[in-house]
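Input: a single structure, listed below in C-alpha cells.
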Amino acid sequence: MSETSKPGNFITQIIDKDNESGKHNGVVMTRFPPEPNGYLHIGHAKSICLNFGIAQRYNGQCNLRFDDTNPEKESVEYIESIKRDVEWLGFEWKDEPKFASDYFQALYDFAVQLIEMGKAYVCELNGEQMREYRGTLKEPGKNSPYRDRSVAENLALFTDMKNGKYKDGEVVLRAKIDMASPNMNLRDPIIYRVRHVHHHQTGDQWCVYPMYDFTHCLSDAIENITHSICTLEFQDHRPLYDWVLDTLGTVHPQQIEFARLNLNYTVTSKRKLKQLVDEKHVDGWDDPRMPTISGLRRRGYTALAIRNFCERIGVTRSDGVVDVSMLEHAIREDLDANANRAMAVLNPIKVTLTNYPEDKEEIFTVNNHPKNEDAGQRKVPFSKTLYIDAADFAEEPPRKWKRLTLEGAVRLRGGYVITCDEAIKNEAGEVVELLCRYDENTLGVNPEGYKPKGVIHWVSAQHAVDATVNLYDRLFNNDAPDANYEDKTFLDFINEESLTVLTNAKVEPSLLASEKGQGFQFEREGYFCRDLEKDGMVFNRTVTLRDSWAKIEAKGK
RNA sequence: UGGGGUAUCGCCAAGCGGUAAGGCAACAGGUUUUGAUCCUGUCAUGCGUAGGUUCGAAUCCUGCUACCCCAGCCA
C-alpha cells in the first residue's frame with residue numbers, strides 16, 4: 001500500500017490545504033520530541049507512527065529530538081532506550097538525533113533578545129509569592145514588583161544568573177505578557193530557571209535551563225519544522241508558542257494538537273510506569289506486562305502489529321479510551337499469519353500407549369503453518385510414552401466436550417487417533433497417567449467405524465524438552481486504573497495473578513533451534529515467544545488464542 | 001458566562017448540506033486434524049439535547065447539557 005492510500009485524518013487534511021496554498025512550499029518536516037525521563041510506551045508509539053508516518057506520506061522528514069531541559073529527571077539510559085525503540089518500530093529519523101540542549105546557546109541569545117525588546121524580566125519572587133501573584137483560574141493575577149526593571153538591569157541580572165551568582169530557585173527570567181490573561185500560560189510565564197545540576201549532554205556548562213514553552217517552539221523554528229504535532233493538553237500553550245515566535249520574528253511552525261492514546265486496563269503515564277518499576281511491582285521497564293515498547297517487544301508484540309494498531313485507532317481531537325482487545329487483535333492477526341506452529345504441553349500428564357511397541361519411534365513430518373506452505377515443515381518424534389495437557393482429559397466431561405475422556409477417542413495433532421482405557425490415580429485421587437490405545441490405521445486418515453471427538457496436542461516424553469513458560473495476563477484488573485478514586489490508587493488494582501510461571505512445561509524438540517525473541521503459536525494454547533533476555537527454553541505468552549470454548553464454559557456456570 | 005477543548009453503535013472511527021463507511025467487541029451459522037484461522041449473516045429510521053434555517057441537516061444557526069485540559073521554577 002502506498003503511503004497516500006493509507007487513511008488520512010484531520011492533520012493530513014490540514015497539510016493537504018497547506019500544500020495547496022503553498023504555505024510551506026510543499027515541504028513537510030515533523031519531529032518526535034520525547035523527554036528522556038522514562039521509557040517509551042504504547043501512547044508514544046501512536047505519536048511516533050503519526051509524526052514519522054506523516055513525514056513518509058508527504059516525502060518529508062522527521063527529526064528525533066530529545067526535549068532535555070530538565071536534567072535532574074533525565075538520563076542517558078533513557079536516551080538509548082528511546083533510540084532503540086523508535087528504530088525497532090521501523091522508523092528512521094533525519095540525520096543524527098537532535099537535542100534541545102544543542103540549542104542552549106541559541107536559546108540564551110533569544111532570551112537576551114527578548115530582554116532587549118523589553119519583553120522579559122528577571123523576577124525575584126519566591127515560589128509561594130509567585131503562586132500568589134499568579135491569581136487563580138477565575139481571578140486575574142497581579143504584576144510582579146520586579147516587572148518594570150530597566151533593560152540594562154535585566155541584562156545584567158540575567159548575565160549573573162548564567163554566571164552562577166544565584167542559588168537554585170532564587171531568581172527566574174519571565175516573559176512579560178499579561179498577568180490578567182484568562183489563559184494562565186500567558187501570565188508572565190517563567191522561561192529560565194537556575195539549576196546547578198550536571199546535564200547529561202552539556203555537563204556543567206550551564207546553570208540556567210530554559211523551560212519547555214520557551215524551548216520547544218524555538219527548537220521547532222531552528223529545525224524548520226513545518227507541523228509541530230503534540231497532544232491536547234498543550235492547546236492552552238499554543239498562544240504562548242505563537243507569542244514567542246511572533247515576538248522574536250522567527251519562522252513559524254504550526255502547532256497541531258491531537259488526542260493522546262488511552263487504553264483500558266492499562267496505565268499510560270511515565271510517572272506511574274516509573275513508580276511500578278521503582279517500587280518493584282514489575283521486573284523493570286521491559287517487564288512483559290508493561291505497556292512500554294520494550295515490554296511489549298519482550299512480550300512478543302511485533303513492530304508491525306503495533307504500527308497496524310496505531311493506524312487503526314485513528315487520529316482525532318476527541319479523547320477516548322481504546323479497548324485493549326484492539327491491541328490484542330493486532331498481534332493475533334500478525335502472528336496468525338506469520339508465526340510458525342509448535343506443540344507445547346503446559347501442564348503435562350503422562351499417556352502410555354499400551355499397544356505401541358516398547359522401543360519403537362516414529363518421526364512425523366508436520367507443517368509449520370496451516371495455510372502458508374512456504375513456512376515449510378518440521379520433524380516431530382513420536383513414541384510409546386507421551387505427555388498431553390491435564391486440561392485435555394476429563395473423567396466426567398461437561399457437555400460439548402471435544403477432548404479426551406474415558407473410552408473416548410481423540411486425534412493427536414499430526415499423528416494417530418487414540419482411545420483412553422484407564423486413568424491411573426495417585427493416593428490423592430488425582431489422575432497421574434492415562435493408559436490408551438492407538439489406532440495404527442489413522443495416520444493422515446480418518447478412522448473407520450468411529451469418530452474422534454477432537455484434536456489435542458502432545459509431545460513425546462523421551463524427546464520432550466523441559467521449558468519454563470511465563471503466562472502473562474493483564475497487569476490491572478480494573479478497566480480504568482488511571483482514574484481518580486476517592487480511596488484508591490492504581491496500585492490497588494494490580495492483578496496479583498498477572499504472571500503464572502510454569503516450570504514443568506514440555507515442548508517439542510524443534511523449539512531447541514528457535515532464536516531469542518522468535519514468536520510461535522503453541523497450538524491450542526496461544527502465541528508465545530522465546531524470551532529476549534533469558535537463556536534457555538523460556539517462553540513468554542504474548543496473547544491467548546480467541547477461545548470460544550471458554551465462553552461456552554462460562555455460560556454453563 | 002474564567003479560558004481552552006470534545007460529543008456519531010458497548011469501544012475506536014468515517015462523514016465536510018443529498019438521505020449513517022469501516023475496524024474491534026458481541027451474537028447466529030458454515031468449513032476445519034488448532035474449540036484457532038477463514039467464510040457468511042445480524043448489530044445506529046439514528047448522530048449529546050431542545051429548537052431553528054432548508055425541498056433536504058450528523059453536517060449550517062441558537063440555546064442547553066455532559067465530559068476533558070489549565071493556577072510546576074515538569075514536559
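Residue numbers begin at 1 in each chain, while the letters A, B, ... track the order of the sequences.
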Open item on the list: Under 4.0 Å, heavy atom to any atom of RNA chain B: which of residues 255-272 of chain A qualify?
Closed with: none

TODO: Quickly work out the N9(A) CG to A14(B) P distance and round it to whole Å.
DONE: 8 Å

Open item on the list: Walk along nucleotides 21-27 of chain B from 5' to 3' and tag each nucleotide B, S or - by protein heavy-atom contact under 4.0 Å, base first, then sugar-phosphate.
Closed with: --BSSSS

Task: Partner set under side chain to side chain contact (heavy atoms under 4.5 Å, CB included) for N446(A), not counting sequence neighbours - done: R411(A)

Return all side-chain donor-acceptor pairs below 3.5 angstrom for residues 412-419 of chain A, not counting sequence neighbours, or 'none' if the list is empty.
| from | atom 1 | to | atom 2 | distance (Å) |
| --- | --- | --- | --- | --- |
| R413(A) | NH1 | E523(A) | OE1 | 2.2 |
| R413(A) | NH1 | E523(A) | OE2 | 3.3 |
| Y416(A) | OH | E362(A) | OE1 | 2.8 |
| Y416(A) | OH | E362(A) | OE2 | 2.7 |

- [ ] Return the set of residues passing side chain to side chain contact (heavy atoms under 4.5 Å, CB included) with N70(A) (not counting sequence neighbours), or none when no residue passes.
- [x] E35(A), E72(A), K73(A), E74(A), R193(A)

TODO: State whether D102(A) and R65(A) are salt-bridged, where the test is any N-O pair (Lys NZ or Arg NE/NH1/NH2 against Asp/Glu carboxylate O) under 4.0 Å.
DONE: no

Task: Non-neighbouring partners of H216(A) that pass ring pair (Phe, Tyr, Trp, His ring centres under 6.0 Å), sequence neighbours left out - done: Y212(A)

Using atom names, set out every protein N or O paired with an N or O of nucleotides 16-18 of chain B below 3.5 Å, distance rounded to 0.1 Å.
| from | atom 1 | to | atom 2 | distance (Å) |
| --- | --- | --- | --- | --- |
| C16(B) | N4 | Q13(A) | OE1 | 3.4 |
| C16(B) | N4 | Q13(A) | NE2 | 2.8 |

TODO: Within residues 235-242 of chain A, find the residues that approach RNA chain B with a heavy atom at under 4.0 Å, and present them sorted by residue number.
DONE: Q235(A), D236(A), H237(A)

Task: Watson-Crick or G-U counterpart of A58(B), or none if no pair lies under 3.5 Å - done: none

Task: Aromatic plane relationship, H199(A) with F104(A) - under 30° parallel, 30 to 60° tilted, over 60° perpendicular - done: perpendicular

Task: Listed partners of R260(A) passing side chain to side chain contact (heavy atoms under 4.5 Å, CB included), at least two apart - done: T231(A), E233(A), N262(A)

Open item on the list: Strictly below 4.0 Å, N to O, side chains only: are E124(A) and R149(A) in salt-bridge contact?
Closed with: yes

TODO: Sorted by first residue and then second, give each salt bridge (Lys or Arg N to Asp or Glu O under 4.0 Å) pair with at least one member in residues 437-456 of chain A; sequence neighbours left out.
DONE: D421(A)-R437(A)

For nucleotides 66-68 of chain B, which of its nitrogen or oxygen atoms have a protein nitrogen or oxygen under 3.5 Å away, and what is each distance?
| from | atom 1 | to | atom 2 | distance (Å) |
| --- | --- | --- | --- | --- |
| C68(B) | O2' | D319(A) | OD2 | 3.4 |

TODO: Mind checking side chain to side chain contact (heavy atoms under 4.5 Å, CB included) for Y265(A) and listing every partner two or more places apart, or none if nothing turns up?
DONE: V324(A), R474(A), D479(A)

TODO: Compare the ring of W549(A) with the six-membered ring in the base of G35(B) and state whether they stack (centres under 5.5 Å, planes under 30°).
DONE: yes

